[in-house]
2 protein chains.
Amino acid sequence: MRISQLAAATEIPVATIKYYLREKLLHEGVLTSATQARYDDSHVRRLKLIRALIGTAGLSISATRQVLLGLENPPESGHDLLGIAHHAVTRTAPDDVDLSPAQRLLDRWGWGAETCDRDTQAALVDALHGLSDAGFDAPAALLDRYAAAMRDIAAADVESVPTDSAEAAMRHVVLGTLLMEPVLLAMRRLAQQSASFQRFGEAES
Amino acid sequence: MRISQLAAATEIPVATIKYYLREKLLHEGVLTSATQARYDDSHVRRLKLIRALIGTAGLSISATRQVLLGLENPPESGHDLLGIAHHAVTRTAPDDVDLSPAQRLLDRWGWGAETCDRDTQAALVDALHGLSDAGFDAPAALLDRYAAAMRDIAAADVESVPTDSAEAAMRHVVLGTLLMEPVLLAMRRLAQQSASFQRFGEAES
DNA sequence: TTGACTTGGATAGTCGCACTCGCCAATATT
DNA sequence: AATATTGGCGAGTGCGACTATCCAAGTCAA
C-alpha cells in the first residue's frame with residue numbers, strides 16, 4: 001500500500017500523514033527505494049488510533065506521542081499503566097500548590113491520598129478553585145454523591161481490565177481512560193436532560 | 001475603581017481586560033470622561049467568572065460570550081436552562097448523522113430519546129465512534145454501569161437546583177454543568193488510582 | 001523508451017485563537 | 001506645569017495543527 005492509498009483508506013490527507021510521520025506519531029513504512037515506501041494495515045490502525053486520541057479525546061500532538069510511546073513500551077507495574085494515561089491529560093503542577101483541599105476530600109472518601117498522583121490531585125484543586133472563583137459553592141454532600149458515582153465508575157474500569165495479556169491490559173487502561181471521558185460527559189448531559197425534563201419540563205412546550 | 005486597580009484585584013493584565021471589553025465578555029464601566037471609566041465589584045466578579053469558564057471549563061471566547069449572555073437573559077422554561085450550558089460545550093451536528101446508536105442506548109436506559117438534544121446525542125455517537133475506531137469495544141454491561149452512575153450524578157445535579165429564584169437556578173445549572181466537568185474527571189482519575197492500587201499495587205514499590 | 005504521474009523528504013506558509021503591544025489624544029494627579 | 005494613566009483601536013505575537021510547494025528520484029502505462 002502506498003501513501004496515497006493509505007490516505008484514501010483513512011480519509012486523512014497525504015500532507016497530514018506526512019506530518020504525523022515527521023512527528024513520530026506514525027511509524028515509517030518499508031522503503032522500497034529512495035523515494036518509495038510501502039504501508040500496511042498496521043498503519044491504517046495506527047492512524048485511526050491517532051485520530052481518536054487527537055479528535056475524540058482532544059489530546060495534543062505531543063501528549064498523543066507520549067501515549068503511543070507508552071503503548072509500545074508497557075511498564076512492568078500494573079499500577080503504572082494508569083500513569084501513562086493520566087499524565088497525558090494532566091498538566092504538571094508547580095511545586096507550591098496547596099494540595100490540602102484535595103487531601104481532605106480523599107481522606108473522607110477513603111481513597112488513600114498517599115497513593116494518588118500529585119498532579120491529579122492538583123487538577124482537582126484547580127477545578128474546585130474554578131468553581132469557587134465563579135461564586136459556585138459546591139455543598140459537601142453534593143461532592144460526596146459525585147464521589148460515590150465516580151467510585152462506581154472507577155471500580156467498573158478496574159474490574160474490566162483483561163488479565164490475560166499485558167498488551168491488552170495496556171490498551172484497555174489507556175484507551176478506556178482517555179476515550180471514555182467524552183462518552184461519560186455526553187452521558188451526563190443526556191441524563192441531565194432526561195432528569196430535568198421529568199422535573200421541570202412535563203408541563204410546557 | 002479604575003482599570004489598573006481592576007487588573008491588580010484580579011491579577012489579569014490590563015491589555016487582557018481591554019480585550020474582554022472589546023469582545024463583550026465584560027460589561028463597560030461608567031465613563032467619567034472621554035478617557036476615563038470606573039469599575040466596581042461586579043466587574044471583579046465577572047472577570048473571575050470569565051477566567052473560570054475559559055480556564056477551568058476550557059470554553060472558547062465565543063462560547064463564553066454565549067454563556068454570559070444566557071446568564072443575563074434567563075429563559076422562561078426551567079428545562080431550557082440546560083440548553084445554554086450544553087450548547088456551549090457541544091458542537092452542532094451535521095444534518096446527516098445517524099443517531100440510532102445513541103437512541104438505542106437512551107431507550108435501554110429509559111432516558112426518553114425524544115426529550116434529549118440532537119447535538120448532545122451526536123456527541124455521544126461521536127465519542128463512541130472514537131472508541132471503536134481505536135479498536136476498543138466497550139461491552140454493553142460496562143456502558144450500563146457508567147449510565148447508572150451518570151444517572152445518579154444527574155439526579156444530584158437536578159435535585160440541587162435552588163427553586164427560590166430563577167436567577168440563582170440559572171447560575172447553578174450553567175456553572176454546575178460546565179465547571180463541574182473537570183472536577184468529575186479529576187475525581188474519576190483519583191478513584192481509578194485508588195482502585196488500581198488496591199487491585200494491583202499492594203505488592204510493589 | 002519515453003513521457004506523465006507519484007513519492008519521500010524537507011522547508012515554508014496558513015489559519016484560528018487568545019492574547020499582547022504600541023500609539024495617541026485626552027484627562028488625572030501631584 | 002510636569003508626570004502618569006486611561007480609553008480606544010489597529011496591529012503584532014506565539015502557538016498548535018495542519019497544508020502547500022518543491023524537487024530529485026523512482027514508477028508505470030503505452
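Here is the naming used below: chain letters follow the sequence lines, and residue numbers restart at 1 for every chain.
- If you find the closest nucleotide of DNA chain D to A:S60 and to B:A37, the one lying nearer the 5' end belongs to B:A37.
- Across the protein-nucleic acid pair, B:Q36 atom CD and C:dA26 atom C1' stand 9 Å apart, rounded to whole Å.
- A heavy-atom distance below 4.5 Å is found between the side chains of A:M187 and B:L143.
- Between the OG atom of B:S132 and the NZ atom of A:K48 there is a distance of 8.5 Å, given to the nearest 0.5 Å.
- Among the heavy atoms of the strands, none lies under 4.0 Å from A:L21.
- The distance from the CD1 atom of A:I153 to the CG atom of A:L184 is 5.0 Å, given to the nearest 0.5 Å.
- The side chain of B:A15 lies closest to C:dT20 when the candidates are C:dG8, C:dC19, C:dT20.
- Two residues, A:T16 and B:Q5, neighbour DNA chain D, and the one matched to the more 5' nucleotide by heavy-atom proximity is B:Q5.
- With contacts defined as side-chain heavy-atom distances shorter than 4.5 Å, the pair A:L49/A:R171 qualifies.
- Remark: B:L53 CG to B:I61 CD1 distance equals 10.5 Å, nearest 0.5 Å.
- C:dC17 atom P lies 14 Å from atom CG of B:L25, rounded to whole Å.
- Interatomic distance, CG of B:L47 versus CG of B:L25, reported as 9.5 Å (0.5 Å rounding).
- Taking the side chain as every heavy atom from C-beta outward, A:D133 and B:R51 never approach each other to under 4.5 Å.
- Rounded to an integer number of Å, the gap from A:R38 CZ to C:dT6 P is 14 Å.
- In this entry the distance linking CD1 of A:I3 with P of C:dT6 reads 13 Å, nearest Å.
- In summary, contact between chain A and DNA chain D, defined as any nucleotide atom under 4.0 Å from a heavy atom of the protein, begins and ends at D:dA17 to D:dT27 in the 5' to 3' direction.
- When the side-chain nitrogen and oxygen atoms of A:S33 are compared with OP1 and OP2 of C:dT7, none of them lie within a distance under 4.0 Å.
- At the heavy-atom level, A:A34 lies under 4.0 Å from the strands shown only through sugar-phosphate atoms.
- In terms of the salt bridge (charged side-chain N to carboxylate O under 4.0 Å, His left out) criterion, residue partners of B:R65 (sequence neighbours excluded) are, by chain and number, B:E23.
- Contact annotation for A:R22: base contact, defined as any heavy-atom pair under 4.0 Å involving a base atom.
- Atoms NZ (B:K18) and C1' (C:dC19) sit 14 Å apart, rounded to a whole Å.
- Using cut-offs of 30° and 60° on the angle between ring planes, the pair B:H172 and A:F136 is tilted.
- Distance CZ (B:R65) to C1' (C:dA18): 12 Å, rounded to an integer number of Å.
- Under a cut-off of 6.0 angstrom, the local environment of CD in A:E72 is crowded, with over 12 non-hydrogen atoms contributed by other residues, nucleotides or ligands.
- Between B:S62 and A:R2, the one whose closest nucleotide on DNA chain C sits nearer the 5' end is A:R2.
- What separates NZ of B:K24 from P of C:dA18 is a distance of 18 Å, to the nearest Å.
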Any N/O pairs under 3.5 Å between the protein and nucleotides 1-3 of chain C? List them or say none.
none

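- In this structure, the CD atom of A:E23 is 13 Å from the P atom of C:dA10, given to the nearest Å.
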